[in-house]
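So the structure is just underneath, and the comments pick up after that.
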There are 2 protein chains.
Amino acid sequence: MTETGEKFDRINAIPAYQLVADAIEREILARRIRPGEPIGTEAQLVKQFGVNRSTVREGIRLLEQSGLIHRDSGRRLTASLPHYSRLATRMSRAMLLHEVTFRELWEATTALEIATVEQAAEHATADVIAELQANVASTEQASADPAAVAELDTQFHSLIAKASQNRVLQLAREPSSLLIFPTTEIILRKLKEGVPRLIQAHRKIVDAVSRHDKEASRLWMLRHANDWRRGFERAGKDVDQPIDRVYMKEVMTR
Amino acid sequence: MTETGEKFDRINAIPAYQLVADAIEREILARRIRPGEPIGTEAQLVKQFGVNRSTVREGIRLLEQSGLIHRDSGRRLTASLPHYSRLATRMSRAMLLHEVTFRELWEATTALEIATVEQAAEHATADVIAELQANVASTEQASADPAAVAELDTQFHSLIAKASQNRVLQLAREPSSLLIFPTTEIILRKLKEGVPRLIQAHRKIVDAVSRHDKEASRLWMLRHANDWRRGFERAGKDVDQPIDRVYMKEVMTR
DNA sequence: GACGATCTGATTGTCAGACAATCATACTAT
DNA sequence: ATAGTATGATTGTCTGACAATCAGATCGTC
């Protein structure tokens with residue numbers, strides 16, 4: 001695959017700002033600079049790398065976006081753990097630009113939510129379960145307001161992910177859920193029967209999770225997902241259409 | 001949740017370079033600048049935004065990292081679709097820094113690979129199936145070389161993802177697979193019986209996918225995943241240990 | 001001694017201006 | 001038609017500067 005039959009490699013001179021960024025990134029990934037520790041001031045970096053401050057600053061900007069470094073209290077630069085939501089937002093934007101369809105999102109989200117709820121059933125602790133019950137209670141109270149229910153639904157699924165105690169699943173499910181959950185509001189607004197079905201599913205899921213009943217939690221999550229897709233279709237939307245940017249306000253505004 | 005009881009919002013002055021980046025990003029996301037189209041030269045941006053060139057350049061660096069813009073042929077800046085692998089690499093690095101365990105990776109990867117292969121069984125076309133068959137044939141020929149087999153295994157799973165024709169799944173599975181597949185080589189090196197089992201599983205999966213047999217493809221992917229985890233344990237590794245950086249050379253070197 | 005006000009140096013964000021290296025292109029000579 | 005040359009545009013990098021803000025130290029008052 002790498003053998004192209006060409007004689008020479010493409011020659012690409014790497015600009016200094018890139019090298020600066022790479023060097024700092026390497027230190028962080030190698031844990032020579034721990035998250036929370038200061039990177040050093042621009043002046044120090046200038047001295048260490050032997051380049052101009054502008055160059056250092058451009059390098060810093062490269063890293064800043066990826067979340068590897070972070071301006072602590074406005075000023076000082078410190079290394080940091082890239083937080084999920086930041087990466088997830090980037091991924092979601094990429095999906096938007098690639099014009100993925102609801103069907104693709106639904107398939108992926110369904111698989112991920114089911115896997116997540118199974119792990120939640122296995123690992124949920126008492127306090128997450130309490131949070132989940134509180135969430136369901138709030139949803140019942142808000143049942144007349146589609147926007148509030150949709151918001152609480154998103155939160156519900158985040159709580160399930162938290163209960164799973166699996167950070168990889170948490171990370172993997174976030175981008176697609178960011179994109180697909182906004183559709184909930186649209187569905188609920190059009191279908192009156194949507195809210196009670198959603199609440200029932202949530203309650204059953206919480207029951208199953210709190211009983212550590214993997215099978216039941218899987219089953220109800222699957223039903224929940226199927227409801228959702230049916231709701232989307234009944235609301236008159238085409239599942240093979242690219243996800244419309246109309247739904248995505250919360251993704252596009254940071 | 002957003003109600004903190006505080007009277008005033010945190011006041012944060014957004015630096016100009018950030019505003020520049022945001023403005024350009026917005027144009028791209030709103031598709032007013034299409035992927036492939038030029039952003040304009042730095043001089044033009046200076047004029048439009050009314051800021052110094054240094055500021056513009058810092059803003060550009062912010063976007064450059066996320067893959068939204070891209071230097072075409074060395075020089076000119078053009079908008080571009082962020083490519084999967086770039087985002088996936090970032091995600092993988094984040095996972096590394098969060099010190100996720102093999103168990104977390106395995107659970108997530110298993111769920112994703114099963115979901116993916118089911119879609120592959122549904123949507124695979126003749127040419128992807130041919131590619132898969134070629135991959136299996138190569139793997140058989142390379143069966144004495146663990147490194148080559150591991151490489152081909154990674155490729156195999158990417159082909160399955162391609163066959164699924166679901167870009168969300170493709171994107172969601174990549175970060176964890178980037179992290180977990182390097183373990184394959186380690187396992188195969190320690191366990192002689194690993195290679196034939198892997199090849200059998202791959203062959204069965206290709207058979208099932210080419211027959212569009214969802215159930216069988218699911219079953220064999222599950223067995224494949226279980227083999228893998230058992231192999232990891234038999235190789236003397238602890239599934240609850242954070243994924244060791246030793247495995248991650250290919251992730252850390254761009 | 002506790003507290004607030006003030007001063008001082010360090011640091012960041014932004015700017016103006018410069019120059020070499022490289023690229024795109026048109027032009028020229030063979 | 002091809003290779004060489006000249007020219008302007010563009011990027012990468014540097015020098016030097018200044019205002020705004022932050023972290024501490026100092027000071028004065030009670």
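Naming convention: chains lettered A, B, ... in sequence-line order (proteins, then strands); numbering from 1 in each chain. Side chains included, hydrogens not; waters and symmetry mates left out as well; all remaining heavy atoms used.
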Sub-3.5 Å donor-acceptor pair from the side chain of A/S80 to the main-chain atoms of A/G67, do we have one? yes
Write down the distance between CZ (A/R61) and P (D/dG12), rounded to a whole number of angstrom. 17 Å
Looking at A/K162 and A/E131, is any side-chain nitrogen of the basic one under 4.0 Å from a carboxylate oxygen of the acidic one? yes
Here the distance between atom P of D/dA9 and atom CG of B/L77, to the nearest Å, is 18 Å
Side-chain contact check for A/R53: nearest option of D/dT15, D/dA17, D/dG12 is D/dA17
Roughly how many Å is it from CG in A/L19 to C1' in D/dT13, rounded to a whole number? 13 Å
Taking only N and O in the side chain of B/R71, is any of them less than 4.0 Å away from OP1 or OP2 of C/dT22? no
Any residue of residues 37-48 of chain B with a heavy atom less than 4.0 Å from an atom of DNA chain D: B/T41, B/E42
At less than 4.0 Å, is any side-chain N or O atom of A/R57 found next to OP1 or OP2 of D/dC14? Yes or no. no
Atom pair distance, as rounded to whole Å: CD in A/Q18 and C1' in D/dT11: 15 Å
Main chain of A/L63, side chain of A/S66: is a donor-acceptor contact present, judged purely on distance under 3.5 Å? yes
Ignoring backbone atoms, establish whether B/N52 has a side-chain N or O less than 4.0 Å from OP1 or OP2 of C/dT14. no
Main chain of A/L152, side chain of A/H157: is a donor-acceptor contact present, judged purely on distance under 3.5 Å? no
B/I60 atom CD1 is separated from D/dT11 atom P, nearest whole Å, by 7 Å
Under 4.0 angstrom between B/T55 side-chain N/O and C/dG13 OP1 or OP2: no
So which atom in B/A120 and which in B/I160 form the shortest heavy-atom distance, rounded to 0.1 Å? CB-O, 3.6 Å
Please confirm whether the backbone N or O of A/P175 pairs with a side-chain atom of A/S92, one donor and one acceptor, at under 3.5 Å? yes
Flag, side chain of B/T109 to backbone of B/L105, donor-acceptor distance under 3.5 Å: yes
Could you tell me the separation between the CD atom of B/E64 and the C1' atom of D/dG12, rounded to a whole number of Å? 12 Å
Is A/Y17 close enough to D/dG12 that one of its side-chain N or O atoms is under 4.0 Å from OP1 or OP2 there? yes
